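Below you will find the structure I want to go over with you.
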Protein chains: 2
Amino acid sequence: MQQNRSRVRQQRILDAALRVFSRKGFRDASVDEIASESGTSKGGVYFHFPSKDVIYLQLLDRTVARLRNKIEAAMAEHDHPIAKADAALLAVLRTFDKHATLARFFMVETLGAGRQFQSRMAETRAEFAGIIRQHLDAAVDQGIIEPLDTEVAAQAWFGALYEVITGWVLVRKPERLEETYAALRPLLMRSVGAEEIPLSALMES
Amino acid sequence: MQQNRSRVRQQRILDAALRVFSRKGFRDASVDEIASESGTSKGGVYFHFPSKDVIYLQLLDRTVARLRNKIEAAMAEHDHPIAKADAALLAVLRTFDKHATLARFFMVETLGAGRQFQSRMAETRAEFAGIIRQHLDAAVDQGIIEPLDTEVAAQAWFGALYEVITGWVLVRKPERLEETYAALRPLLMRSVGAEEIPLSALMES
DNA sequence: CGAAACCAACCGACCAGTCGGTCGGTTTTG
DNA sequence: CAAAACCGACCGACTGGTCGGTTGGTTTCG
């Protein structure tokens with residue numbers, strides 16, 4: 001049970017780090033603050049993690065994994081590429097709606113965290129863009145949309161989404177992020193030439 | 001001529017700051033480095049600028065103004081909203097193509113520069129999104145595109161562009177940013193429901 | 001000469017990471 | 001069984017280095 005306790009403490013530190021990084025950003029967050037926010041001391045933090053960088057990186061990994069899981073779970077419930085895209089879009093918007101802290105960390109923090117993380121950040125962006133691209137390719141293969149440069153299209157989708165979410169994080173308008181869905185969906189769909197299909201029952205659930 | 005000399009030195013410092021900030025980011029760029037890169041000393045820098053923050057802010061202002069001028073000059077040569085959008089898109093791509101340093105500063109640096117600049121950054125993003133929105137609204141008024149949520153659309157356009165440029169800055173693929181134009185243009189146009197018009201003579205000039 | 005421009009040396013705040021030591025619980029041993 | 005030995009977890013004072021900003025003196029120029 002001792003190692004269980006240890007694992008709990010590690011999670012506590014990561015949870016605290018998420019809040020502190022979200023508030024202050026990587027550079028302005030001191031390890032002392034993470035320590036006190038997680039109910040321990042600096043020495044305690046350094047017992048569990050070798051460096052501040054590693055805390056950040058592990059937190060990023062955890063966050064990315066959770067978000068990707070959410071997205072993939074949402075998509076797994078549908079077969080049609082457009083329904084998958086819809087589900088993924090809603091899953092993202094709702095997740096960030098519910099966890100604004102996460103949004104702040106992920107959106108505002110990711111790019112400017114510091115030069116040492118830049119390549120990792122590029123990988124992360126590429127990972128999400130890759131998911132989008134993969135499904136765009138599938139849609140092209142199935143003849144649902146016309147062939148197009150799916151790499152640029154995936155980047156553009158990611159960027160559009162990223163910007164809308166970032167804007168919401170910074171300004172908090174509209175009140176609920178999900179409200180942008182109605183405007184975002186047709187925009188994205190039309191951009192790749194996907195004909196309109198009713199969004200009907202997708203709004204609830 | 002004394003104040004002229006002074007102004008020249010100020011510009012030199014800003015030019016050097018642009019290079020150093022682009023390489024290192026705001027936090028990792030030391031005033032000493034900006035000083036030596038501009039052929040002066042730290043004291044010299046502090047004679048012309050009251051703080052590192054102000055250097056950054058003035059540089060940001062200068063950069064935004066120049067970019068906005070480029071965009072508006074490009075648009076002024078056309079009347080039709082779609083031609084304006086085209087011209088603006090090309091102007092942006094070409095400007096960053098030619099000045100990768102500027103792209104690095106503007107793209108990678110803007111978001112994560114530090115909490116103290118966050119509201120200013122939000123303003124800057126809003127400014128460019130506002131330009132896009134204004135012209136989307138005009139296009140709607142002229143009946144060229146169907147009514148839509150131009151605020152979200154403008155954000156999405158900005159975000160898409162931002163992401164593509166950022167990706168290029170970080171990975172440098174394709175070789176020339178302008179090559180993304182052919183993929184980006186139809187994507188953006190279709191997203192707002194603008195019918196295809198030949199891009200023909202727009203590629204050169 | 002006098003003011004503007006410039007410089008090198010310096011100051012002090014800040015903070016990641018270290019280290020010697022403590023504490024509560026578990027295992028070993030006589 | 002109890003005392004001794006041990007151990008993982010934890011604490012917080014301290015250090016070493018960095019860097020924004022200051023200052024007092026020097027050069028340049030009109």
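A, B, ... follow the sequence lines: proteins, then strands. Residue 1 opens every chain. Only heavy atoms go into these numbers, but all of them, side chains included; no hydrogens, no water, no symmetry mates. Keep in mind that this is a model prediction, so the values were computed, not measured.
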- Query: Is there a donor-acceptor pair under 3.5 Å between the side chain of A:Lys24 and the backbone N or O of A:Ser30?
  - Reply: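 Between the backbone of A:Ser30 and the side chain of A:Lys24 there is no qualifying donor-acceptor contact (under 3.5 Å).
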
Q.
Would you say A:His48 places a side-chain N or O within less than 4.0 Å of OP1 or OP2 belonging to D:dC10?
A.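 Yes.
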
Review point. Can any side-chain N or O of A:Asp149 pair as donor or acceptor with the backbone N or O of B:Ala183 at less than 3.5 Å?
Key: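 Between the backbone of B:Ala183 and the side chain of A:Asp149 there is no qualifying donor-acceptor contact (under 3.5 Å).
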
**Q.** Exam field: side chain A:Ser41 to backbone A:Gly44, donor-acceptor pair closer than 3.5 Å
**A.**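 Here the side-chain-to-backbone pair exists.
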
Practice problem: In whole angstrom, give the distance that lies between atom CD of B:Glu33 and atom C1' of D:dT18. | Solution: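 The answer, rounded to whole Å, is 13 Å.
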
| request: Report the distance from atom CZ of B:Arg7 to atom P of C:dC6, rounded to the nearest whole Å. | output: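 Value for this atom pair: 14 Å.
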
Which of the following nucleotides, D:dC11, D:dG21, C:dA16, is nearest to the side chain of A:Ser41?
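The closest nucleotide is D:dC11.
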
Exercise for the section: Could you state the atom-to-atom distance from CD1 of A:Ile34 to P of C:dC15 in whole Å? Expected result: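 The answer, rounded to whole Å, is 12 Å.
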
*asked:* I need the CD1-P distance between A:Ile13 and D:dA9, as an integer number of Å.
replied: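 Taking CD1 of A:Ile13 and P of D:dA9, I get 11 Å after rounding.
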
B:Thr40 vs B:Asp32, nearer the 5' end of DNA chain C by closest nucleotide
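On the 5' side of the pair lies B:Thr40.
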
Reading DNA chain D from 5' onward, which residue's closest nucleotide shows up sooner: A:Phe47 or A:Gly43?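 It is A:Phe47, whose closest nucleotide lies nearer the 5' terminus.
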
Next item on the list: Using side chain to side chain contact (heavy atoms under 4.5 Å, CB included) as the criterion, point out the one residue from B:Val92, B:Leu161, B:Leu67 that pairs with B:Phe128.
Entry: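 The single option meeting the side chain to side chain contact (heavy atoms under 4.5 Å, CB included) with B:Phe128 is B:Leu67.
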
A:Tyr56 OH to C:dG17 C1': how many Å, rounded?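 Computing the A:Tyr56:OH to C:dG17:C1' distance gives 20 Å.
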
Under 4.0 Å between a side-chain N/O of A:Arg9 and OP1 or OP2 of D:dA9, yes or no?
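Indeed not, no polar side-chain atom of A:Arg9 lies that close.
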
- Quick one: the side chain of A:Lys42 and the base of C:dG17, do they pair up donor-acceptor inside 3.5 Å?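 Under the 3.5 Å cut-off, the side chain and the base do form a donor-acceptor pair.
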
_Measure NZ/A:Lys52 against C1'/C:dT18 and give the value in whole Å, please._
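Rounded to the whole Å, the gap is 17 Å.
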
Item to check | Sugar-phosphate only, base, or nothing, as touched by B:Ala35 at under 4.0 Å among non-hydrogen atoms | outcome: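 No contact at all - B:Ala35 keeps every heavy atom at 4.0 Å or more from the nucleic acid.
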
For B:Arg27 and D:dG20, give me the distance from atom CZ to atom C1', rounded to whole Å.
->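 After rounding, the reported distance stands at 11 Å.
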
> Are A:Arg190 and B:Leu148 side-chain neighbours, meaning at least one heavy-atom pair lies under 4.5 Å?
Replying inline: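 Result yes, sub-4.5 Å side-chain heavy-atom pair found.
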
Practice task
Would you mind reading off the distance between A:Tyr46 atom OH and C:dG20 atom P, rounded to a whole angstrom?
Solution key: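 One finds 18 Å between P of C:dG20 and OH of A:Tyr46, rounded.
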
